[in-house]
Amino acid sequence: MLLQNQRPQLRPQTTAHLAQTMALLELTVEELHQKVEAELARNPALELIDEFRCPTCHKILHNKQLCPTCTNTMGGSPDQPIVYLSSHEDFFVKPRISSYSNDLPDDNFAPDRETLPAYILRQVGPDLHVDDRQIAVHILTAIDEDGFLTIKPLEIALYHHVPLSRVEKIIHLIQHADPIGVGSAGPKDALLVQLEVLSEHLAIPHLAEKAILAGIELLSPHHLPELARHLNIPASQAKEIVRFISDNLNPFPGRAHWGDQTNAGSSEGQENTYHFPDVIISRATEEENTPLVVEIAMPFYGSLRVNPLFREALQEAPIEKSELWQEDLEQATLLVKCLQQRNHTIVRLMQTLVVKQRDFILYGDAYLKPITRADLADELEVHESTMSRAVSDKAVQLPNRRIIPLSMFFDRSLHIRTVLKQLIEQETYTLSDSQIAVLLLGMGFPVARRTVAKYRSIEGILPAHLRNRSYKPHLMLPQHNEQSVAV
DNA sequence: CTATGGCACGGATT
DNA sequence: AATCCGTGCCATAG
């Protein structure tokens with residue numbers, strides 16, 4: 001349906017515009033950040049000014065945060081989420097949290113993963129003396145959501161009456177388990193361990209270690225000059241180091257990782273299993289009907305523009321440069337436009353998505369509604385391929401601090417799988433697949449027996465005959481959840 | 001005979 | 001056009 005025309009000023013004008021918008025859409029904040037940075041360095045027509053405009057009312061903001069005017073007027077109800085853009089660099093500084101279920105509220109637990117400590121223990125367990133295991137357990141229980149050790153090794157040593165070196169040996173082992181660097185005292189140590197592991201397979205820039213030692217505050221793109229001075233190297237080299245570090249290392253090892261978490265591999269350390277949130281969703285208040293706050297990471301949005309001085313200078317450009325400059329100017333304009341287009345798309349996407357999947361966001365996997373990208377695409381009046389690009393590879397942090405792929409919002413069967421899992425957890429006797437199928441049907445999910453089997457295997461649940469009763473002390477009454485099958 | 005996993009097909013999604 | 005997903009059919013294990 002091409003009839004609706006609500007946003008004339010943002011419609012792609014040229015094929016180039018279209019192409020680049022598409023390309024940008026696919027990028028993660030981090031990737032986009034890199035691209036913009038590179039362009040900024042290369043193209044003199046592009047300018048970064050310290051000004052940030054509210055995407056809705058276009059007033060200039062100074063804190064790169066919520067626009068007070070808009071918050072008051074439009075922010076507000078459950079179906080009126082507060083959506084705003086935030087600088088990606090600010091994200092980097094904020095500690096981000098893991099997707100593990102450590103201390104999440106019960107109704108919102110991370111479903112398909114064991115807890116981080118258990119995960120690690122499984123890896124290091126075999127390498128440990130029996131006596132050392134409980135020390136390891138002790139250490140693991142003291143790991144916080146970022147993957148850091150919250151107590152001193154010495155305390156542990158004293159508690160168990162063992163030499164400090166022994167504790168340190170165990171910690172060392174833990175640090176080298178996946179996620180690498182977990183169990184370190186802080187970001188600095190975590191980075192160092194990761195660097196060490198990585199160095200076995202990858203060339204690392206010189207002085208990277210020193211750079212880390214200098215302090216992670218200096219690793220932000222903001223502090224390049226300072227870092228360069230500290231290390232006595234040119235800024236360009238410092239930049240390379242910072243780039244390498246942010247590309248390959250993760251200061252918060254406990255942070256989400258998904259994907260092939262199977263190979264706790266010593267190999268392929270640069271496999272991008274760590275994900276930086278492109279969008280952060282949180283609740284405005286603790287109330288039940290709180291509006292959701294959606295924070296979208298957008299590098300430089302609003303503060304990137306075409307340099308007006310450059311435009312002027314173009315008038316008096318020397319002939320031989322004129323063409324080149326003209327090109328730069330066009331590219332700069334294009335980039336800015338495309339960036340706006342990208343932002344606009346993502347904002348609208350999140351706006352509707354957050355409303356539609358509100359229950360999922362707040363109350364967990366069981367409440368995910370199966371939405372297809374195509375549905376949403378035509379609701380937003382964009383091409384479905386555009387949707388696909390916008391969704392792909394992005395990461396979202398939910399209010400419960402889980403970081404999940406944006407594509408999970410479009411999972412067709414997650415809700416059923418979750419129900420299925422609950423069903424099995426609460427089963428009084430081992431249910432067979434066909435029985436489960438019937439139960440699910442009763443609950444309004446018509447699934448074939450065969451499909452139940454598939455879901456089981458996806459969730460890593462064993463078949464009925466191998467699933468010998470794990471005693472559940474709670475909830476053992478055969479209370480049939482008669483879901484009043486009004487048939 | 002029942003419960004499951006494998007293979008493969010068709011329709012939906014991307 | 002390429003992939004993913006739910007299902008049916010069949011072989012196999014228990």
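Residue numbers begin at 1 in each chain, while the letters A, B, ... track the order of the sequences.
Here A/Ser457 lies out of heavy-atom contact (under 4.0 Å) with every strand. In this structure, A/Pro370 reaches neither bases nor backbone, as no heavy-atom distance under 4.0 Å exists between it and the strands shown.
Contacts of A/Lys356 classified as salt bridge (Lys or Arg N to Asp or Glu O under 4.0 Å), with partners at least two apart in sequence or in another chain: A/Glu379. Taking A/Asn307 as the reference, nothing meets the side-chain hydrogen bond (donor to acceptor under 3.5 Å, both in side chains) condition, with sequence neighbours excluded. Partners of A/Arg358 by salt bridge (Lys or Arg N to Asp or Glu O under 4.0 Å), not counting sequence neighbours: none found. For A/Glu288, the side-chain hydrogen bond (donor to acceptor under 3.5 Å, both in side chains) partners are A/Tyr363, not counting sequence neighbours. Under the rule for a salt bridge (Lys or Arg N to Asp or Glu O under 4.0 Å), the partners of A/Glu26 that lie at least two apart in sequence or sit in another chain are A/Arg389.
Residue A/Tyr455 has a polar side-chain atom (N or O) positioned under 4.0 Å from OP1 or OP2 of C/dG6.
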Nucleotide-resolved protein contact map, nucleotides 1-14 of chain B, B/S/- at heavy-atom distance under 4.0 Å: --SBBBB-----SB
